[in-house]
Each structure stands twice: as structure tokens, then as C-alpha cells.
Amino acid sequence: DTGVSQNPRHKITKRGQNVTFRCDPISEHNRLYWYRQTLGQGPEFLTYFQNEAQLEKSRLLSDRFSAERPKGSFSTLEIQRTEQGDSAMYLCASSPTSRDIEKLFFGSGTQLSVL
Amino acid sequence: DQQVKQNSPSLSVQEGRISILNCDYTNSMFDYFLWYKKYPAEGPTFLISISSIKDKNEDGRFTVFLNKSAKHLSLHIVPSQPGDSAVYFCAAVGQTGANNLFFGTGTRLTVIP
């Protein structure tokens, strides 16, 4: 078990382009979370899944952001029509259940730079 | 609206001395508090936690203190070691779990050998 894996580690894109990030959680973890961390701030919750069901998406930053977890395993986060303000670290985390907050494991993140 | 605040962006401590990292929160509904440690190019990793029904939790060199009336918690590291140099995030959560996990802005700790 190699922990939570995120790809790519870095993504540089031009404003207006679409980007997609992938997260592979720890295999037995049912819950998968996406967070965003901007410079000088702590991680900020975006959305989460229980298996393949997206249980909350109201805090996705805009309708340009969407996430999927089609088979309850890996997840993707897509940002359409990127803006410079989308530049941030996007973190994925997984946990076995909803209350195992101490067993929330983070990936190393995808650093997005929008030029 | 920052519900969890870490007012010291950085802290430098000599090796062997005590490091004290502080955190304040505003939401009285938070019932569990955690500290995470983050090295460069890695995600945050869980360090220690405390429930709102306690005022102290200790794990080896790390102790977290909670003052509910002041809505304040602190992390003590003693003795500090160079390997402790990292960014430390305070986080707070309500009853619903990690979808309501709120992080502070972090404190960069540097332990000087």
C-alpha cells in the first residue's frame, strides 16, 4: 500500500484551458475528499465521495469545478476554463469511514499554475 | 471567514528547547481538534488530536492543550528536534467529519541545531 497517490504532481496550463487531476485513494478507504490549498492558507474542503456517491459538492468553488469517482475507486477533479485564481495545490485525501478523522490520509497534491 | 486561526506564521526554536504553537477558533460547535504536520512537497500528516471533553492530550514529545472557554489550543513539542522543522496546521471539525474539517493558515517551525 503506497498511500494516497495524486497525478500529475505539477500542472502548468494557460488561462482558459481545461485541466484534470487524478487521485488514487488507499484501496480499502470508502471516503475520498478533495481540498484546495492556496499560498499562505490551510487546506480548504471542496467535495467528497462515499464510494461512488458524491455526498457534498456545494463548496466546489464554481460551476467550472467538477469531480467524479465513477467506480468508487480513483477520482478525478476537473477545472474547466481555468483562471489565474485557480492556481493552487489540490489535495486529495481518503479515510475508511466518515468518523475516522484521525485516519484521514492526504496525498502529496497536484500543484496547478495557470499562466 | 477564517474559523481557525494561527496568528504566528513562523517560529524558530533552538534544538532541545520547547516549541509552542498556538491556534484560536471561533466556532463553538467544533468538538474535535487536530494538528497536522506538513513537509515540503508532501501532504499534511496527522500528528495529534484532542476531543472537546478533554483539556490535554499527550503523545511522546507532543502535547496538545485545549482551553474551551478561550477557544484556544496549543501544541507543545519538547524537546524540539531538527526533524520537527515543518509547517504545522491546526484543524477543527464538527460532528459531520472531514467534510467539515477547517484548517488554520499554518505555522512554519524551524528547529535550529
Side-chain angles (χ1 to χ4, degrees), chain A residues 2-10 21 23-26 29-50 53-60 67 69 88-111, chain B residues 1-10 21-27 30-52 54 57 59 62 64 73 75 86-108:
Chain A
T2 57
V4 179
S5 176
Q6 291 189 246
N7 289 287
R9 292 295 303 273
H10 304 274
F21 313 137
C23 172
D24 289 89
I26 294 172
H29 285 187
N30 295 324
R31 293 256 170 154
L32 185 148
Y33 302 83
W34 285 99
Y35 292 81
R36 184 184 79 155
Q37 185 179 5
T38 55
L39 197 61
Q41 300 296 315
E44 174 190 14
F45 169 80
L46 296 178
T47 188
Y48 80 111
F49 295 84
Q50 167 80 25
Q54 189 172 13
L55 297 186
E56 183 173 352
K57 54 183 180 180
S58 62
R59 279 187 272 168
L60 284 167
R69 194 183 183 194
M89 173 73 78
Y90 290 84
L91 292 163
C92 176
S94 69
S95 68
T97 67
S98 62
R99 288 300 291 168
D100 285 336
I101 194 72
E102 296 180 2
K103 296 180 183 177
L104 184 68
F105 293 93
F106 284 86
S108 298
T110 294
Q111 181 68 52
Chain B
D1 181 23
Q2 192 76 26
Q3 299 191 53
V4 180
K5 300 177 183 179
Q6 294 176 255
N7 292 320
S8 298
S10 63
L21 293 85
N22 293 302
C23 176
D24 297 291
Y25 61 97
T26 58
N27 190 338
F30 289 143
D31 63 359
Y32 207 74
F33 303 89
L34 306 96
W35 285 93
Y36 288 84
K37 181 178 181 179
K38 186 181 184 303
Y39 291 118
E42 296 183 11
T45 56
F46 169 74
L47 184 60
I48 192 170
S49 63
I50 188 166
S51 165
S52 60
K54 295 185 176 181
N57 188 28
D59 183 3
F62 303 91
V64 57
L73 62 156
L75 174 68
V87 177
Y88 289 79
F89 290 100
C90 170
V93 63
Q95 292 185 354
T96 54
N99 54 310
N100 276 314
L101 182 62
F102 293 90
F103 285 84
T105 52
T107 297
R108 180 177 300 278

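Order of the sequence lines fixes the chain letters, A, B, ..., with proteins taken first and strands second; residue numbering starts at 1 for each chain. Just so we're clear, the structure is a prediction, and the values are computed from it rather than from any experiment.
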Side chain, backbone, both or neither: which part of A:Q37 has a heavy atom under 4.5 Å from chain B? side chain

Considering all heavy atoms of both residues, which atom of A:L91 and which atom of B:P44 are nearest to each other, and what is their separation? CD1-CD, 4.1 Å

Rounded to the nearest 0.5 Å, how far apart are NZ of A:K103 and CZ of B:F46? 11.0 Å

Per-residue contact mode, B:Y39 against chain A (heavy atom under 4.5 angstrom): neither

In Å and rounded to the nearest 0.5 Å, what is the CG to OH distance from B:L101 to A:Y35? 4.5 Å

Could you tell me which portion of A:F105 (side chain, backbone, both or neither) has an atom closer than 4.5 angstrom to a non-hydrogen atom of chain B? neither

Under a 4.5 Å cutoff for heavy-atom pairs, which residue among B:N100, B:V93, B:T45, B:V4 has the most contacts with chain A? B:N100

What part of B:Q6 is in contact with chain A, defined as an atom under 4.5 angstrom from a non-hydrogen atom: side chain, backbone, both or neither? neither

Which atoms form the tightest heavy-atom contact between A:G42 and B:F89, and what is the distance? CA-CE2, 3.6 Å

B:A41 and A:R9 have their tightest heavy-atom pair at O-NH2, 2.8 Å

Between A:E56 and chain B, which part of the residue has a heavy atom less than 4.5 Å away: side chain, backbone, both or neither? side chain

Least distance between heavy atoms, A:R59 atom then B:F102 atom: NH1-CZ, 3.9 Å

